[in-house]
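Data block below; observations after.
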Amino acid sequence: MFFPEKMLRLNIQVESDYINDVLESIGRTGLLHIEKEKHQFRNDSEVSRVKTLLMLVIKYMKELNINANKRIINSIPDQEKLFNKIEDRLLIIGRKVDDIANKIKDSEQELEHFNRASSVKKALAPFIDTMILSRDLKHLKMRTAIVSMDVTELLRLSVKAKDVLLINQPLFEQTNAITIFYEEEYENDISKAFSTFKVIEIDLDYFCDEAFDLQHKLQEKLCKDKQSLAEQYKDELQDIQNHLDAISELEVAKSSLRKENGGIELEGWIPKKAVEEFISKITHAKVTILELEGEAPVLLKTPPSLLPFENLISSFSYPRYGEMNPVIPFTISFLLLFGLMFGDVGHGLVLTIVGLLVKKYSEDYADLGQIYYLSGISSIFVGFIYGSVFGMHNILPISFFTPMEDTLTTIIFSIGVGVLIISMSFLLHIVTAIKRKETSLLFISDGSILWLLVYWFSIGILVKYFVQELQIIYEVILLSLLLLTILTLSIIKTKEKTQSLIDLLREYIDTITNTISFLRVGAFALAHAALFMAVFSIARMVGESQGETFFYWMTIILGNIVIIILEGIVVTIQTLRLEYFEFFKRFFKGGGLAYKPYKLGEKNED
């Protein structure tokens, strides 16, 4: 749990006649993280073929509103026969899907015309009944269109000399509905005017209510036919997609095979505890355990409840192999800092409930829900220390200190927390260096033992001088000797005197400023309390002016909601900033590669 899973590097010599069988066996175990090589064995024509067929399957599934149903394919039959079968089935399915899709598209366009005609009919209703006129008008011609308001007057002027009647009414924004009545001899003139001004003409057939109803019924029938088609081919299309995915991933795995010593080899990483199980399931291949070489992929053993915090870390970077699992210390420090800055029993309870509901009912934001659920619990505990319940300090019988009343205590406490967290980062660096057997990092790197002593000596000197008001001359001498030792070792290593001195001063200043950064913990605790005071002050003013208790409590409730949202976001950002830039600085280098075993039937990175 505190360190990544121990990994072993394997070499697998594959019998040339059993490449697919061996890769399928490896994929079924879901244990081997394959080292990526150049595409030596991948059949590009088959890859292209699979890609094309997958595009068709996804297109048909999307058209029929069928979701993917991923399942593991344990065995891939003869690929050529499978391809031929899939192609034959997709030809049949594709014709039916394309046919129904085109019919629905045409029907939707017809409905759009009917809906447009309906809008025009309503706009012109105060003057004429377009449906009756379009059906019964005998001796005059009638044409209806939609035009922009700017064009309406120009159109009227263009036909004014003719014996015509033009009726217009506002329709949509900046558009008019118009109807023109004219004798047949002016047909060409009207057509020319419509063409010149690019009006949207509406065929008179679309004003018929019976035709509109028939089109609606046709649309409903087509939708039912599409649903029937989806039910008929759902399982088959999902199965085809899964098989094509499996073949695609098999080709990706083939790209990592290489010719070596006259044979075909594959290399990868596997958890040490799974080696015996893996070897027992692989036939037609010889498995050899190699010496560790390079950076192994990292498999973190994180408790499920803390996986959202692992995702937060991986968004920053991924730990290297042998580096201490940062999830546990990150989670502890994150919850501690969040609670100190957001400490209130009532607010913490609200955050806990909201986090629990989000985690339960929103799959997309479940991680965020879990983070705020645990952060809310932390805020509740700190709220008991502050004695604060929705900003009120007269409800709980006991409180250890209140930020607004004990400002100095709050500031000192926040600095103390910073010293604790930074000291922990030094210790984690030392443990990681020992684990990775990088002994040089124990003495001259940023988080080394010598820098830890420098840090503690500096804190001790400041406390002794400013708090205890004692002489510090001997401590300063010892601190100077430590810094001189670090400088000397750095010069020996880098052969650069000036740069070593600059690095020494920069690191020392960073160490002090990193600690000062934790003043923001106390500052946000004070800001949280100050916002409460502002809300209560506004509530009293509102209550006094309105003379009603209702407005007073409404102001309190709304104010608390604003504080929870605003402070919740700001405190989260500040906590992450302290974690990433103050805490991670010394022990978390990152740049590791996540363990992603090859699994048949699941998406694997190429």
Side-chain angles (χ1 to χ4, degrees), residues 1-6 298 300-303 306 309-310 312-313 316-340 378 412-464 475 478-479 481-483 485-486 489-490 503-504 506-519 521 575-592:
M1 185 167 68
F2 294 103
F3 284 93
E5 190 78 48
K6 187 174 178 60
V298 177
L300 298 176
K301 297 175 286 185
T302 303
L306 302 186
F309 293 96
E310 181 182 320
L312 276 180
I313 293 169
F316 180 77
S317 188
Y318 211 76
R320 296 177 300 161
Y321 182 70
E323 200 168 64
M324 189 166 187
N325 184 353
V327 177
I328 303 298
F330 175 86
T331 303
I332 293 170
S333 56
F334 181 96
L335 296 179
L336 172 63
L337 293 171
F338 190 98
L340 290 173
S378 173
I412 292 173
F413 187 71
S414 63
I415 289 292
V417 169
V419 171
L420 176 66
I421 289 176
I422 290 175
S423 297
M424 184 166 65
S425 72
F426 276 109
L427 295 173
L428 291 173
H429 170 85
I430 293 167
V431 171
T432 297
I434 294 171
K435 180 72 175 179
R436 287 175 60 91
K437 298 179 181 178
E438 296 173 333
T439 53
S440 63
L441 297 180
L442 288 172
F443 300 103
I444 56 174
S445 64
D446 293 350
S448 66
I449 295 172
L450 290 177
W451 273 113
L452 175 60
L453 292 174
V454 166
Y455 182 62
W456 282 347
F457 259 99
S458 299
I459 298 298
I461 287 170
L462 292 172
V463 171
K464 190 173 181 180
E475 287 82 355
L478 286 173
L479 177 61
L481 289 173
L482 281 171
L483 291 171
T485 302
I486 294 172
L489 290 174
S490 180
D503 290 342
L504 179 77
R506 177 188 54 78
E507 180 59 29
Y508 187 68
I509 293 170
D510 281 352
T511 302
I512 302 302
T513 55
N514 289 160
T515 306
I516 295 173
S517 289
F518 282 88
L519 281 172
V521 176
T575 302
L576 288 173
R577 188 222 172 275
L578 289 170
E579 292 285 326
Y580 290 156
F581 298 106
E582 321 300 342
F583 184 45
F584 278 177
K585 182 179 183 295
R586 289 162 188 85
F587 82 95
F588 183 72
K589 302 303 179 186

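Worth knowing before you read on, the calculation uses all heavy atoms, side chains too, and leaves out hydrogens, waters and symmetry mates.
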Going from CZ on F330 to CZ on F583, what distance comes out if it is rounded to the nearest 0.5 angstrom? 9.0 Å
Taking only residues two or more places apart in sequence or in another chain, which ones pass salt bridge (Lys or Arg N to Asp or Glu O under 4.0 Å) with K589? none
d(L427 CG, H429 NE2) to nearest 0.5 Å is 11.0 Å
State, yes or no, whether a side-chain contact exists between P329 and L428 at a heavy-atom distance under 4.5 Å. yes
Note, F309 side chain near T302 side chain (heavy atom, < 4.5 Å): no
For Y321 and K6, the nearest pair of non-hydrogen atoms, with its separation, is OH-CA, 3.5 Å
Side chain to side chain, T432 and F588, heavy atoms closer than 4.5 Å: no
Can you sort out the partners of L336 under side chain to side chain contact (heavy atoms under 4.5 Å, CB included), two or more places apart, ordered by chain and number? L340, V417
Working to the nearest 0.5 Å, report the span between CZ of F581 and CG of L576. 10.0 Å
From I516 CD1 over to T511 OG1, what is the distance, rounded to the nearest 0.5 angstrom? 11.0 Å
Heavy-atom check, side chain of P326 versus side chain of F587, under 4.5 Å: yes
Who passes side chain to side chain contact (heavy atoms under 4.5 Å, CB included) against L479, sequence neighbours left out? V454, F457, S458, I461, L483, Y508
Take atom NZ in K435; do more than 12 heavy atoms of anything else shown fall under 6.0 Å from it? no
Derivation and outcome, side-chain contact (heavy atoms from CB on, under 4.5 Å), residues K585 and E507: CA-CA 11 Å; K585 182 179 183 295; E507 180 59 29; 3.1 Å; yes
Close side-chain approach of S448 and L442, heavy atoms under 4.5 Å: no
Which residues pass the salt bridge (Lys or Arg N to Asp or Glu O under 4.0 Å) test with D446, sequence neighbours left out? none
Over all atoms of both residues, closest heavy-atom pair of G591 and S317: N-OG, 2.8 Å
Where the side chain of T515 meets the backbone of V419, is there a donor-acceptor pair that is under 3.5 Å apart? no
Could you tell me the separation between the CD1 atom of I313 and the CD atom of E310, rounded to the nearest 0.5 Å? 7.5 Å
With the side chain counted from C-beta on, respond yes when R586 and I422 share a heavy-atom pair under 4.5 Å apart, and no when they do not. yes
Using the test ring-ring contact (aromatic ring centres under 6.0 Å, His included), find all partners of F316 that sit at least two apart in sequence or belong to another chain. Y580, F584
Any salt bridge (charged side-chain N to carboxylate O under 4.0 Å, His left out) pairs touching residues 320-337, not counting sequence neighbours? R320-E323
Pick from T575, I421, L578: which one makes a side chain to side chain contact (heavy atoms under 4.5 Å, CB included) with S333? I421
Minimum heavy-atom separation for V327 to L306, with atom names? CG1-O, 3.9 Å
Kindly determine whether I332 and M424 satisfy side-chain contact (heavy atoms from CB on, under 4.5 Å), including the steps that lead there. CA-CA 11 Å; I332 293 170; M424 184 166 65; 5.7 Å; no
In Å, rounded to the nearest 0.5 Å, how long is the span from OG of S425 to CD of E582? 9.5 Å
